[in-house]
Every structure is written in structure tokens, then in C-alpha cells.
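Notes follow the structure.
In what follows, chains are A, B, ... by sequence order, proteins preceding strands, each numbered from 1.
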Number of protein chains: 2
Amino acid sequence: MSLEEVAKRAGVSTATVSRVLNNLEIVRPATKARVLKAIAELNYQPNLHARTLAGGRSNTIGMIASNLENPFFFDVFRSLEAQARSHGYEVVVAHTDYDSERLVRSVRLMIGRRVAGLAVVVSEMDPALIKELHAARTPCVFYDVGKPQERMTNIRVNYRHGIERLVEYLHDLGHSRFAFVGHHSTLAPTSERESAFLASVKRFAPAVEWRTDADRDSFEGGKLAALRVLASGFSPTAFICVNDIMAVGVLRALREKGLRVPEDVSVTGFDNVRLAEFSEPPLTSVHIPRDEIGRLAFAALIPDKELPNIAGQEIVIEPEVVLRASTARAKR
Amino acid sequence: MSLEEVAKRAGVSTATVSRVLNNLEIVRPATKARVLKAIAELNYQPNLHARTLAGGRSNTIGMIASNLENPFFFDVFRSLEAQARSHGYEVVVAHTDYDSERLVRSVRLMIGRRVAGLAVVVSEMDPALIKELHAARTPCVFYDVGKPQERMTNIRVNYRHGIERLVEYLHDLGHSRFAFVGHHSTLAPTSERESAFLASVKRFAPAVEWRTDADRDSFEGGKLAALRVLASGFSPTAFICVNDIMAVGVLRALREKGLRVPEDVSVTGFDNVRLAEFSEPPLTSVHIPRDEIGRLAFAALIPDKELPNIAGQEIVIEPEVVLRASTARAKR
DNA sequence: TTGAAAGCGCTACCAG
DNA sequence: CTGGTAGCGCTTTCAA
């Protein structure tokens, strides 16, 4: 099923069919109707590869995420996709599962697809890969990695502030022993959160004790990390978790150990995904506006003449603490 | 950056470059090395569209899901993708959000991409769309919709048995007033689950009362449905939910109404996703093997000479009840 | 307003 | 083992 068959059936040239397909308004209505009829009768679907190749431009946007299973990433995807769709673009997602090999593969695949733009929402990224993207002239937007440059936009969250506010709040409630639960502690945003945690603890509570532990980015990972902290003999008054998913795992671990939240121990999440409201108890968290991130990402990749152009810039988002029932005054 | 430039730089023909790209073992090692060097120096990435177009075959598999945010779908995706990757295929996912317009768009897009195969994991599907897929000669595998035919495989779960076992179990515990919480009750699998629910209730407990309610497939949806049931004046001894996500929403609603689970009311989920173990209380659920579904889907699309060929068949999966803490003997 | 034809970048067949 | 070259299905000038 090709353009040519449609053209033959409609008694026109392939050029005309192409014009109809692309809605070029220079086709006589009668001709257009005939072509449309042929298309419908033949159940014709244009070959996107041929189209992209001949046209020299793609209308698909790529997105690469570390862990689409974590609703944080999914929410960004959803928002980006909504923007894309309303502007006539498609988005293709790849999920790397925090695996750098898969990241490399995904990036190359996106370059091979000659995507119109690429949103990279991963924890860590080899600068060499960014170079490849730059060499391929792919417009990119990075979340939390890289530096702004030509064709490369940056969106980041001021974790430091988010964590500072959390620690300050807990400190005010009388907490004095903190545990920090992250994942793959070597990863950039995690470690930024971790270092922000350490800095905050020192600043607001120089005399307090703390401990950190990390595992996979999942419920299970949060649970294991918490169990390890507890097994080490340290008994924190508060667990600060790198995200809400891990916090839910921590809640389970505490419950299994017979500790009540927030009566005995306080727990905080991060990101403020929907689950934070539905966990038991609901989680005090730090809101990161995924919708806005998705919108900004699209705007950075496909600038709109109407809106201010943010391509090539660095955008910093200020997070906000959301109080719920998982935190309370520390037991004395 | 094209094949030709690489060829020029390596001092060979484009045909030879193509051969080394495709690992055809008939290239002299020395030549191959030169080509590889040129590729690396130029940072060349082959244009996938040109490749697919010229080769006449794609190595990407498509998957369309109703709601990738629900871990059930994501787990199937993950499993399918693992299979695909290990066989040299890529997978492109689309998420329709239960919107039939988006389903149509996604299907056409996949046809336009000339995917090697398409896995459709949605709740409902217009037979006309299946016809389009058939006309496009796209190998397909459907989960819970359609009928097996040429190039079309079917995977389904025996919901009836799953629900029957759940109802029987609850009935044995003395439950007598059931509520069924679903989403978009008009959708096929939901309604299959709903009708299975009704049939089971009548069979195991002909004298009991029941009520059904439905909403969006999300935490919020489950919560709203439960609140509606309660507001109607009906007070069930057990809530049977169409999946674990909605069950978590139900748990929240019950807690807000001051009802304890399982002391006052029992709640069951379905699918047995990871969250079922991490909710509070952990959910009694019905296990659906997403891994197996993903593996079967791949096998149906890309038959392996070694394995038995399941393409064109109908495969029925038997679910199994998993008991956890959200169910208990009914209050008298 | 329409058609003819030259590519887009790659694969695959046929020679050599 | 390597090169030449005819397409793959579409878009896009350039003419008509």
C-alpha cells in the first residue's frame, strides 16, 4: 500500500496525493475529494519512515527516563506528551532502568530516529553522550544533568532548598536523629539531595546525629534501606527519603518493626506524587511540579513564536514542602 | 552525516559501509577496521528511517496500553521490552488513557511505522480498528480483546475464576454484603469482571446484597467510588475492586469514614502489583502474571524457531488468589 | 492547480 | 570480498 497506488486509483500524480496528505491548500476540492476517497477505500496509511526521510524532518519527540515506573517520571512524560500532541508531535519514550548501557543505547536510538527534540530525564549522564547529542545537532532538554549550551536547555530543581526546609521543619519539631534514604547514592540528583541533606543537618542542627543508606528506587529498596538503618543500631527520630516511592517502602519497614508513624518516627517523601496522598499515613513531601517540567521541556525543544524562548537557558524550579500526617513532634 | 560520507572517508563504497554496519561477515578485517574508524571519527549514527525503508522491515515492536500509570500495564511493558531487547528489537509504547480517539491515532501511527508487531493491551477495541490492523498485515497480539485469527493472537485471563474464588473465599468468611468497584463500567474487561462478580455472588451467596460503582482507574477513582457506595446508605462487609490501584483508593475512603480494614470491612484488589504488598494493610489480591503475558506477547509476535509457535492462538491464563491482611472474617 | 522527476539515506542484488 | 546501482515510499522543486 503506497502513495503510488493511491495516486493511480485517484487518477492523479503522487505529488498531488502528497499534497492532499499534507493539507496543502492548493489542491482543487474536487481533486482532493477523489484522493481522499481513494485513500479511504484502500485503507492507506502513509509510511512514516519514507515521510521523515523525504521530508528531512521528524515530528516525533523523544524522552528518556530512568524509571518510568516511578510516577514522577511518568507525570513528566504525560505532561510533555499532552503538549506534544496538541502541537502535532508524537513522543517516543525510552526507559533505562538506571542502566548506563541502556542510556547509551537509547540516546543513539533517538539520534538514529532523528527526533525533533529529546528530553532527557535521568539521574546521571556521561558528558561524552551529551557531546554525541550535540554533534548530532539534536535539540535537547535535560532535567538535573548537564549545563546549558547551544541547543541544550536545562531544567533543575533547587533540591537544596527543598531539603533545607524539610530539615528545618523537622528540627523545629524537636527531631535530633535523622536517617537519609536514597537510591544508588552515586547518582547525581540523589547525591545532590544527599549532600543537601548533610549540609542542612549541619546547618540547622549541628549537634544531631545522622545516617544515610541507599538501595534501588522502589518500594522494596526503601524498605531494605530502612531495615538496614534500624539493624545498624541507630534509631532515627525521622527518615528523610529521596522520593515518595522509597518513603512508602520505609513506612512498611517501620510498621514491621512495630514503630508507629508519626508517633514514634517521622517520615518524609519527596516529589509529592499522587501516592503520597494515598499512603498510610499520607506523606509529608516536597512538591515538584511535574506538569510544569513537562511544559517547559516541550517549550525548550519546540519554541513557540508566541511564547518567550527558553531554549539554551537554565531554569530553576523552587520546590515547596507539603505537610501531611507522616511527620509530628519528636518523642522526647 | 550519512553513509556516503563515511564511505568517502574510509575509501570504500557505501555498500561496504552498509555491510559492516550490519555485521555481514564477508568484509575483510582490514577494510572493516577502516570503516569502523571512519564511523567513530565522524560520530556517525545511521538513519533508522532510511534503514527501515530500504530494508523493508522494521525491528521495532509497538505496544499500546490504556494506562501506563497503572503498574499492571507497566509490568507487561517491562517484560515485553526485556524480551524484545534480548532479541534485537526495540519497543515503542503508546498510552491512550482509555480514550478511543487516542487509540485510533496510536494504532494508525503504529501502522505508519510499519512495526514488526503490535501488542495491544487496552480495555476495549472497535472491531473496525482490528480490521485496519489486519488489512495492514501487522502481526498483533491482543490482551483481553478480539478473537484469534490470521496474524492475530489472543491472550486472556480467566477473570471469572479469579472473581469466583474471591467471592467464595469471602463468602466462607461470612461476608454477605458486597460492593464491586470498577472503572468505566462500559469497558470490556471491567465489565467482564463485573459480570463475573455478579454471577459469582449469585452462585455462592444467592441471598446476599451487592452494589457496584465505577470511576476512573486511579487512586482517586477508587476513593470516590467507595465514598459513593457508602453515601448511598449501603454498608458492604466487603469491597471487591477491579484492580489494586483502585483498592488503595478504597482503603483511603474507608479510613476517612472511620472504618477499619479488615476489622470492619474487607477489601480485595486484583492484579497483585507490587503496591499490593506495600499498602496498609497489604491487599488480598488475585495474581495476574504480567511477566508471562509480556513473554507470551513477544513470542506471539516474533515466533522463535526453537519454541512452540503460539501465533494465531488463544491463550488463557488462570489467575490465583493471594491472601493478605485486607480481608478477614465478617463482623456479625 | 497539477505532473515529472530528483533526491532523502540506506539495503540488497548483480557483477567483477 | 568489494563496488555499482536500483529501488524503498515519500516530499519538493521546477515546469507546464
Side-chain angles (χ1 to χ4, degrees), chain A residues 1-36 38-39 42-60 88 108-116 136-138, chain B residues 1-36 38-39 42-60 88 108-116 136-138:
Chain A
M1 188 58 44
S2 72
L3 242 200
E4 198 168 347
E5 301 178 51
V6 176
K8 212 172 296 169
R9 182 171 190 113
V12 298
S13 72
T14 59
T16 297
V17 179
S18 174
R19 289 182 188 114
V20 171
L21 241 35
N22 293 287
N23 249 309
L24 299 191
E25 292 304 340
I26 50 169
V27 183
R28 194 166 13 123
T31 313
K32 184 169 177 177
R34 253 186 311 142
V35 172
L36 255 18
I39 288 178
L42 293 174
N43 221 289
Y44 168 72
Q45 297 289 346
N47 182 317
L48 258 26
H49 302 293
R51 224 201 242 260
T52 309
L53 184 59
R57 55 193 144 59
S58 159
N59 66 326
T60 112
R108 302 232 167 107
L109 203 61
M110 294 296 182
I111 294 177
R113 287 199 178 106
R114 302 294 190 267
V115 291
R137 325 206 81 237
T138 307
Chain B
M1 188 58 44
S2 72
L3 242 200
E4 198 168 347
E5 300 178 51
V6 176
K8 211 172 297 169
R9 182 172 190 112
V12 298
S13 72
T14 60
T16 297
V17 178
S18 174
R19 287 184 189 111
V20 342
L21 238 37
N22 293 287
N23 249 310
L24 300 190
E25 293 304 342
I26 49 168
V27 182
R28 197 176 1 134
T31 313
K32 183 168 177 177
R34 251 185 313 140
V35 173
L36 254 17
I39 287 178
L42 292 174
N43 220 287
Y44 168 72
Q45 297 288 346
N47 182 316
L48 258 26
H49 302 294
R51 224 202 244 258
T52 310
L53 186 58
R57 55 190 146 59
S58 159
N59 67 327
T60 112
R108 302 231 169 107
L109 202 61
M110 293 297 183
I111 293 177
R113 288 200 178 107
R114 303 295 190 267
V115 291
R137 326 206 80 236
T138 306

Given [options], which nucleotide is nearest the side-chain atoms of [X]?
X     : options               : answer
A:R19 : D:dC14, D:dC10, C:dG9 : D:dC14
A:V27 : C:dC10, C:dT2, D:dT2  : C:dT2
B:S2  : D:dG9, D:dT2, C:dC10  : C:dC10
A:R57 : D:dT12, D:dG3, C:dG9  : D:dT12
B:T31 : D:dC1, D:dT11, D:dT5  : D:dC1
A:L53 : C:dC10, D:dT11, C:dC8 : C:dC8
A:L3  : C:dA12, D:dG9, D:dC10 : D:dC10
B:A15 : D:dT2, C:dA12, D:dG9  : C:dA12

Using atom [atom1] of [X] as one end and atom [atom2] of [N] as the other, report the distance to the nearest whole Å.
X      : N      : atom1 : atom2 : answer
B:K8   : C:dG9  : NZ    : C1'   : 13 Å
A:L21  : D:dT12 : CG    : C1'   : 14 Å
A:R51  : D:dC8  : CZ    : P     : 19 Å
A:N59  : D:dT11 : CG    : P     : 11 Å
B:Q45  : C:dC8  : CD    : P     : 20 Å
B:R114 : C:dC10 : CZ    : C1'   : 17 Å
A:H49  : C:dT11 : NE2   : P     : 13 Å
A:I26  : D:dT13 : CD1   : C1'   : 12 Å

Quick one, [X] and [Y] - any side-chain contact, counting heavy atoms below 4.5 Å?
X     : Y     : answer
A:R19 : A:T16 : yes
A:T60 : A:L48 : no
B:N47 : A:T52 : no
B:L24 : B:K32 : no
A:N59 : A:R51 : no

**Message:** Could you go through A:V12 and A:R34, starting from their C-alpha distance and side-chain angles, then the distance that decides it, and tell me whether this counts as side chain to side chain contact (heavy atoms under 4.5 Å, CB included)?
**Reply:** CA-CA 9 Å; A:V12 298; A:R34 253 186 311 142; 4.1 Å; yes
Between A:N22 and B:R28, whichever has its closest DNA chain D nucleotide further toward 5' is B:R28
Hey, does the side chain of [X] come within less than 4.0 Å of [N]'s phosphate (OP1/OP2), counting only N and O?
X     : N      : result
B:S13 : D:dG3  : yes
A:T14 : D:dC10 : no
B:S18 : C:dC10 : no

Q.
Taking any heavy-atom pair under 4.0 Å as a contact, classify B:V17: base, sugar-phosphate, or nothing.
A. nothing
Inset, instruction - Would you classify B:G55 as touching base, sugar-phosphate or nothing, given that sugar-phosphate means primed atoms plus P, OP1 and OP2, and contacts are heavy atoms under 4.0 Å? - result: sugar-phosphate
